[in-house]
Amino acid sequence: MTTRRWRLAHGRHLDLGGKSVVVGILNVTPDSFSDGGLFDAPEKALVQARRMVGEGALVVDVGGESTRPGAAAVSAAEEQDRILPVIEALATSGEVLISVDTYRAETARLAVAAGAHIVNDVWGLQREPDIARVAADTGAGLVIMHTGRGREKLPDVIADQLAFLGTSLNIAHRHGVADDHIVLDAGFGFAKETADENLDLMARFSELHALGFPLMAGTSRKRFIGAITGRDAVDRGAGTAATSVILRLQGAHLFRVHDVAINVDALALADAMLTRQTERTDR
């Protein structure tokens with residue numbers, strides 16, 4: 001797999017392709033679907049962040065508003081009160097690259113000023129397009145996620161991805177975001193209502209390379225994994241790791257997960273196999 005440099009805020013970067021990059025999910029919320037309330041105090045959040053780093057996460061993604069279906073909205077001020085102390089503390093320690101999970105331009109601006117390197121927008125820049133300007137002005141890495149929420153989707157799962165993400169990329173470029181700052185996320189579970197729809201997206205994931213950007217996979221503990229395995233959300237780590245391997249073999253670069261250690265191990269095997277295949281091809 002070709003290595004590509006992803007440029008981030010504060011002069012940092014990640015080289016994507018040679019090895020999987022695991023992104024640890026840190027929800028500082030009371031109501032996230034599988035870990036709400038566990039890390040909503042800054043001291044608990046920092047302990048969890050350091051645990052994930054110790055298990056092999058290269059990035060910690062900090063979110064202050066639950067994105068589960070039906071979750072109550074929070075104000076920008078409340079979101080910022082939750083995440084900024086955690087981001088500031090992580091930045092001071094310098095232990096890990098920091099992502100902020102937000103669709104709000106002002107929250108993103110404050111988070112990068114506090115030390116975040118990456119902005120991760122689950123609305124694909126289409127809720128507050130000025131978030132793209134924040135990314136461009138600060139040099140932050142930008143994760144643009146696909147969602148089917150709040151609109152009519154095209155019947156073909158990949159056609160809908162290409163149409164939605166094409167619109168998002170136009171927004172990013174219009175606001176001055178350079179291509180080497182962009183990663184795309186297929187948005188597993190975000191208005192992909194059935195297990196079959198998510199499985200179809202996994203089976204055809206490699207078609208997203210047509211867009212020409214590195215890809216993130218965010219399947220962690222999602223409902224479709226529970227529908228297949230029969231496991232409750234907190235027990236879906238092994239199922240998540242299986243999806244991570246499937247998607248790595250289709251060219252995903254980054255993996256956003258709750259259960260870091262099991263995914264790091266599973267992806268190490270996938271990386272080793274990909275390396276071996278390349279070595280055999282090069283002989």
Side-chain angles (χ1 to χ4, degrees), residues 8-14 21-68 71-123 127-128 130-143 145 181 183 185 216 218 220-221 234 254 256-261:
L8 313 175
H10 310 299
R12 301 291 296 275
H13 68 267
L14 272 174
V21 173
V22 171
V23 178
I25 297 170
L26 184 60
N27 291 318
V28 289
T29 59
D31 57 346
S32 292
F33 78 98
S34 71
D35 58 358
L38 294 180
F39 313 116
D40 56 351
E43 60 274 12
K44 293 180 181 178
L46 290 171
V47 169
Q48 174 66 358
R50 288 166 182 149
R51 184 182 70 80
M52 291 192 292
V53 172
E55 291 176 348
L58 296 185
V59 181
V60 170
D61 188 44
V62 183
E65 180 174 357
S66 175
T67 56
R68 65 176 174 81
V74 302
S75 68
E78 185 172 2
E79 177 191 39
Q80 293 157 17
D81 286 345
R82 290 173 177 178
I83 67 171
L84 293 178
V86 176
I87 290 171
E88 288 170 354
L90 285 173
T92 298
S93 71
E95 296 174 75
V96 66
L97 293 169
I98 305 161
S99 171
V100 58
D101 180 359
T102 187
Y103 61 85
R104 292 185 174 97
E106 180 62 8
T107 299
R109 185 187 68 79
L110 292 171
V112 177
H117 306 90
I118 299 159
V119 174
N120 177 16
D121 182 1
V122 300
W123 286 94
R127 183 111 172 230
E128 289 195 15
D130 274 352
I131 198 169
R133 191 182 311 280
V134 172
D137 290 347
T138 62
L142 182 61
V143 179
M145 199 194 80
H181 288 256
V183 161
D185 184 334
M216 179 182 282
S220 188
R221 299 183 181 178
V234 295
L254 302 103
R256 184 178 178 274
V257 301
H258 299 83
D259 304 290
V260 170

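Because the structure is predicted, anything quoted here is derived from the model rather than measured. This chain uses plain numbering: 1 for the first residue, then up along the sequence.
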If you round to the nearest 0.5 Å, how far is [atom2] of [Y] from [atom1] of [X]?
X: I83; Y: E88; atom1: CD1; atom2: CD; value: 10.0 Å
X: D101; Y: N27; atom1: CG; atom2: CG; value: 7.5 Å
X: T29; Y: E79; atom1: OG1; atom2: CD; value: 11.0 Å

Closest heavy-atom contact between [X] and [Y]?
X: V86; Y: L26; value: CG1-CD2, 4.0 Å
X: M52; Y: G24; value: SD-CA, 3.6 Å
X: G115; Y: A91; value: CA-CB, 3.8 Å
X: A9; Y: V112; value: CB-CG1, 4.0 Å
X: I118; Y: L8; value: CG1-CD2, 3.7 Å
X: A76; Y: T107; value: O-OG1, 4.3 Å

Go through R256 and S99 one step at a time and tell me if the side-chain contact (heavy atoms from CB on, under 4.5 Å) criterion holds.
CA-CA 11 Å; R256 184 178 178 274; S99 171; over 6 Å; no
If the threshold is 4.0 Å, N to carboxylate O, is there a salt bridge linking E106 and R109?
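Salt bridge between E106 and R109, a charged N being under 4.0 Å from a carboxylate O: yes.
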Got a salt bridge between D121 and R127, using NZ or NE/NH1/NH2 to carboxylate O under 4.0 Å?
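Salt bridge between D121 and R127, a charged N being under 4.0 Å from a carboxylate O: no.
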Under the criterion side-chain contact (heavy atoms from CB on, under 4.5 Å), I'd like the reasoning laid out for I131 against R104: C-alpha separation, chi angles, the key distance, then a yes or no.
CA-CA 6 Å; I131 198 169; R104 292 185 174 97; 6.0 Å; no
Determine whether R82 and V74 satisfy the following criterion, side-chain contact (heavy atoms from CB on, under 4.5 Å), listing intermediate values before the conclusion.
CA-CA 11 Å; R82 290 173 177 178; V74 302; 3.8 Å; yes
Side-chain (H10) to main-chain (H117) donor-acceptor, under 3.5 angstrom:
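Flag not set: sc H10 to bb H117 has no pair under 3.5 Å.
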Decide side-chain contact (heavy atoms from CB on, under 4.5 Å) for L142 and V119; before the verdict, give the C-alpha distance in whole Å, the side-chain angles of both, and the deciding distance to 0.1 Å.
CA-CA 5 Å; L142 182 61; V119 174; 4.1 Å; yes
Taking the side chain as everything from C-beta on, heavy atoms only, tell me whether L254 gets closer than 4.5 Å to V143.
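Not touching, per the 4.5 Å side-chain cut-off.
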Please enumerate all residues that pass ring-ring contact (aromatic ring centres under 6.0 Å, His included) together with H13, with sequence neighbours excluded.
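Expected list: none.
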